[in-house]
Amino acid sequence: QVQMVQSGAELKKPGASVKVSCKTSGYTFTNYHITWVRQAPGQGLEWLAWISPDNGNTNFAQKFQGRLTLTTDTSTNTAYMELRSLRSDDTAVYYCARFTGASDYGFDIWGQGTMVTVSS
Amino acid sequence: QSVVTQPPSASGTPGQRVTISCSGSSFNIGSYPVNWYQQIPGTAPKLLMSGNNQRPSGVPDRFSGSKSGTSASLAITDLQSEDEADYYCAAWDDSLNAMVFGGGTKLTVL
């Protein structure tokens with residue numbers, strides 16, 4: 001079955017970087033964009049960006065441009081999200097998800113989430 | 001402050017019908033498909049309604065979606081205790097060049 005399995009929880013100090021992985025299986029990796037969404041404690045969902053594993057094209061929410069890098073490894077069907085210059089308000093659960101495409105604009109398969117805590 | 005707005009809470013008793021609204025603008029809901037997500041606290045969101053009104057496989061037909069102009073709604077009939085969750089609408093926004101989520105609606109089954 002289609003799965004997205006993320007790396008484990010991270011504890012980082014302010015100013016550091018974090019890299020979260022999202023290993024996919026059960027479908028053709030290059031056929032679907034991978035998107036990243038985060039959720040701060042007790043808050044709603046916030047879209048960060050997406051990447052096409054086929055050609056590496058990316059699209060970022062403006063507030064994360066310059067601080068966020070998305071990459072993919074087609075040899076392992078894994079996507080990565082790296083967020084730099086971490087602040088306390090970056091503390092959140094970070095989710096990867098599969099984007100269904102421009103017909104529906106939905107995120108149909110989600111990873112289990114990775115808790116990133118930023119604290120001194 | 002999200003550009004797509006939802007009521008923060010909704011409630012109903014078992015067997016009732018409830019609706020959750022989602023209001024946006026011509027930049028988002030008015031121009032792009034709306035998707036709905038269900039999130040049980042402590043778990044990842046789940047796609048509940050795709051492309052305004054399409055139920056992914058496995059979603060009960062008690063759930064339905066609709067869109068008119070710059071607003072959308074999610075209806076749940078025959079409300080059940082397992083429907084208690086947070087519900088989010090989402091749509092692409094041309095002015096922000098970003099996917100925008102509503103603030104979420106917490107559904108309580110009384």
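Protein chains get the first letters and strands the later ones, always in sequence-line order, with residue 1 at the start of each.
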Item checked: Which atom of A:Gly111 lies closest to which atom of B:Ala44, heavy atoms considered -> O-CB, 3.3 Å

Item checked: Residues that A:Lys23 engages under side-chain contact (heavy atoms from CB on, under 4.5 Å), provided they are two or more places apart -> A:Thr76, A:Thr78

Next item on the list: Taking side-chain contact (heavy atoms from CB on, under 4.5 Å) as the test, write out the residues that go with A:Thr28, two or more places apart.
Entry: A:Thr30, A:Asn31

Distance-only donor-acceptor pairs under 3.5 Å across chain A and chain B:
residue, atom, partner, partner atom, Å
A:Gln39, OE1, B:Gln39, NE2, 2.8
A:Gln39, NE2, B:Gln39, OE1, 2.9
A:Gln39, NE2, B:Tyr88, OH, 3.3
A:Asn59, OD1, B:Asn97, ND2, 3.3
A:Tyr95, OH, B:Gln39, NE2, 3.4
A:Tyr95, OH, B:Thr43, O, 3.4
A:Asp104, O, B:Asn35, ND2, 2.7
A:Asp104, OD2, B:Ser50, OG, 3.2
A:Tyr105, O, B:Asn35, ND2, 3.1
A:Phe107, N, B:Tyr37, OH, 2.8

Next item on the list: Tell me who clusters with A:Val5, hydrophobic residues only, linked when side chains sit under 4.5 Å apart either directly or through other members.
Entry: none

Checklist line | Interchain contact, B:Pro45 with chain A, by part (heavy-atom threshold 4.5 Å) | finding: both

Check: Is it the case that more than 12 heavy atoms not belonging to B:Phe27 sit under 6.0 Å from its CZ atom?
Finding: no

Are [X] and [Y] linked, directly or through other ILVMFWY residues, by side chains that come within less than 4.5 angstrom of each other?
| X | Y | result |
| --- | --- | --- |
| A:Phe29 | A:Leu70 | yes |
| B:Ile40 | A:Ile109 | no |
| B:Met49 | B:Val18 | yes |
| A:Phe64 | B:Phe101 | no |

Check: Of the backbone (N, CA, C, O) and the side chain (C-beta and beyond), which part of A:Val37 lies under 4.5 Å from a heavy atom of chain B, both, or neither?
Finding: side chain

Note to self: Taking every non-hydrogen pair under 4.5 Å, which of A:Ala61, A:Ala49, A:Ala102, A:Gly106 racks up the most with chain B?
What the structure shows: A:Gly106

Next item on the list: Measure the spacing between CZ of A:Phe107 and CE of B:Met99 and express it to the nearest 0.5 Å.
Entry: 3.5 Å

